[in-house]
Amino acid sequence: MDTVKLNNGVEMPVLGYGVYQVTPEECERCVADALSVGYRSIDTAQAYANEEGVGNAVKKSGIARKEVFITTKVWISNAGYERAKASIDESLRKLQSDYVDLLLIHQPFNDYYGTYRAMEEAYKAGKARTIGLSNFYPDRFVDLAECCEIKPMVNQVETHVFNQQTEPQKIMERYGTRIMSWGPFAEGRNDFFANATLQAIGKKYGKSVAQTALRFLIQRGVIVIPKSTRKERMIENFEVFDFALTDEDMQEITGLDRKKSLFFSHDDPEIVKWLIGLVK
């Protein structure tokens with residue numbers, strides 16, 4: 001497994017397994033499958049309601065805790081110093097661990113400054129090996145990165161071939177922050193898996209559209225966490241380290257970038273209101 005070095009020296013697998021939209025009932029089985037395939041990075045969140053499944057799977061796997069990189073995220077309703085501090089301890093309880101490897105603010109809303117202070121404290125106390133952000137657009141990212149004590153190590157944002165986040169990635173890199181992709185397959189939107197460019201390039205290497213898209217992001221230094229509930233797809237997504245795209249391939253895929261979300265905008269007041277009310 002290839003890794004990326006975060007700004008405090010911690011090595012993080014560049015490929016992980018995401019459990020967004022994996023039901024609490026399915027989560028333990030899915031994570032167990034992912035670990036058996038070889039994944040050693042698991043991405044969950046308080047809002048996914050499946051931290052317990054992740055914790056159970058890791059515990060029962062027989063794999064040493066230090067060999068598994070676990071990410072979780074503090075939700076909007078737990079924002080602010082006191083609530084975030086309590087929620088971090090609750091997440092650790094559910095994960096059955098004394099620490100989390102990466103702790104993120106899930107959304108840039110409510111008192112995220114208070115949340116980040118609680119995360120900095122958790123980092124200093126050894127409850128989080130690394131800390132960072134999720135869904136922070138460049139303006140809010142710079143605001144927090146300029147005014148916090150510990151620079152964010154990761155910013156997880158929508159990143160795929162149709163929304164490549166090239167300029168935001170450059171801004172993150174100024175602060176030593178690594179970009180992490182959610183939705184590397186765009187959840188199949190825009191006929192993702194039928195894209196002619198990805199099909200043609202993948203065919204040269206005997207690889208699928210999914211593998212080609214993941215390889216493109218990895219070669220750009222993007223951390224990826226594809227999700228599937230099917231073990232055969234987990235295996236397919238894992239087999240992306242035995243080939244490399246050429247500069248010409250990379251340039252061709254770069255041309256697919258629409259530079260906008262295929263989901264929603266965090267700048268839209270109605271979306272913000274919806275997100276804030278999503279999980280109480």
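Side chains are part of it too, since the values below use all heavy atoms of this structure and drop only hydrogens, waters and symmetry mates.
- A salt bridge links K127 with D89: the closest approach of a Lys/Arg side-chain nitrogen to an acidic carboxylate oxygen falls below 4.0 angstrom.
- Other residues, nucleotides and ligands place no more than 12 heavy atoms under 6.0 Å from the CG atom of D247.
- Classification of K170 and E167 as a salt-bridged pair holds, one side-chain N sitting under 4.0 Å from a carboxylate O.
- The aromatic rings of H106 and Y48 sit perpendicular to each other, their planes meeting at more than 60°, with 30° as the lower class boundary.
- Heavy atoms of other residues, nucleotides or ligands lying less than 6.0 angstrom from CG of D267 number more than 12.
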Under 3.5 Å donor-acceptor pairs involving side-chain atoms of residues 214-225, not counting sequence neighbours:
from : atom 1 : to   : atom 2 : distance (Å)
R215 : NE     : Q219 : OE1    : 2.9
R215 : NE     : F243 : O      : 3.2
R215 : NH1    : V240 : O      : 2.8
Q219 : OE1    : L245 : N      : 2.7
Q219 : NE2    : L245 : O      : 3.2
R220 : NH1    : Q164 : O      : 2.9
R220 : NH2    : Q164 : O      : 2.8
R220 : NH2    : Q169 : OE1    : 2.5

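- The residues K207 and D242 are annotated as salt-bridged, a charged nitrogen and a carboxylate oxygen being separated by less than 4.0 angstrom.
- A distance-only check finds no donor-acceptor pair linking the side chain of T115 to the backbone of Y113 [under 3.5 Å].
- Residue D98 qualifies as open at atom CG: its count of foreign heavy atoms under 6.0 Å is 12 or below.
- In R40, the CZ atom is crowded: over 12 heavy atoms of neighbouring residues, nucleotides or ligands sit closer than 6.0 Å.
- Both tests pass for R65 against the ring of Y99: distance under 6.0 Å to the centre and angle within 45° of the axis.
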Practice task
Assess whether salt bridge (Lys or Arg N to Asp or Glu O under 4.0 Å) is satisfied between D43 and K227, documenting all intermediate values.
Solution key: CA-CA 10 Å; D43 180 276; K227 166 250 176 180; over 6 Å; no

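- For K273, the NZ atom counts as loosely surrounded, since its 6.0 Å shell holds 12 or fewer non-hydrogen atoms of other residues, nucleotides or ligands.
- Using a 4.0 Å cut-off between charged side-chain N and carboxylate O, E120 and K151 make no salt bridge.
- More than 12 non-hydrogen atoms from other residues, nucleotides or ligands lie less than 6.0 angstrom from CD of E232.
- With respect to the salt-bridge test (charged N to carboxylate O, under 4.0 angstrom), the residues E82 and K85 do not qualify.
- Using a 4.5 Å heavy-atom threshold, the side chains of L103 and V74 count as touching.
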Practice task
Output, in order, the C-alpha distance, side-chain angles, deciding distance and verdict of salt bridge (Lys or Arg N to Asp or Glu O under 4.0 Å) for E90 and R93.
Solution key: CA-CA 5 Å; E90 179 66 5; R93 184 190 68 77; 2.7 Å; yes

Practice task
Could you walk me through whether D249 and K204 pass the salt bridge (Lys or Arg N to Asp or Glu O under 4.0 Å) test, one step at a time?
Solution key: CA-CA 10 Å; D249 295 332; K204 293 194 300 181; 2.7 Å; yes

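- Under a 3.5 Å cut-off, the side chain of R29 and the backbone N or O of T229 do form a donor-acceptor pair.
- The residues E236 and R233 are annotated as salt-bridged, a charged nitrogen and a carboxylate oxygen being separated by less than 4.0 angstrom.
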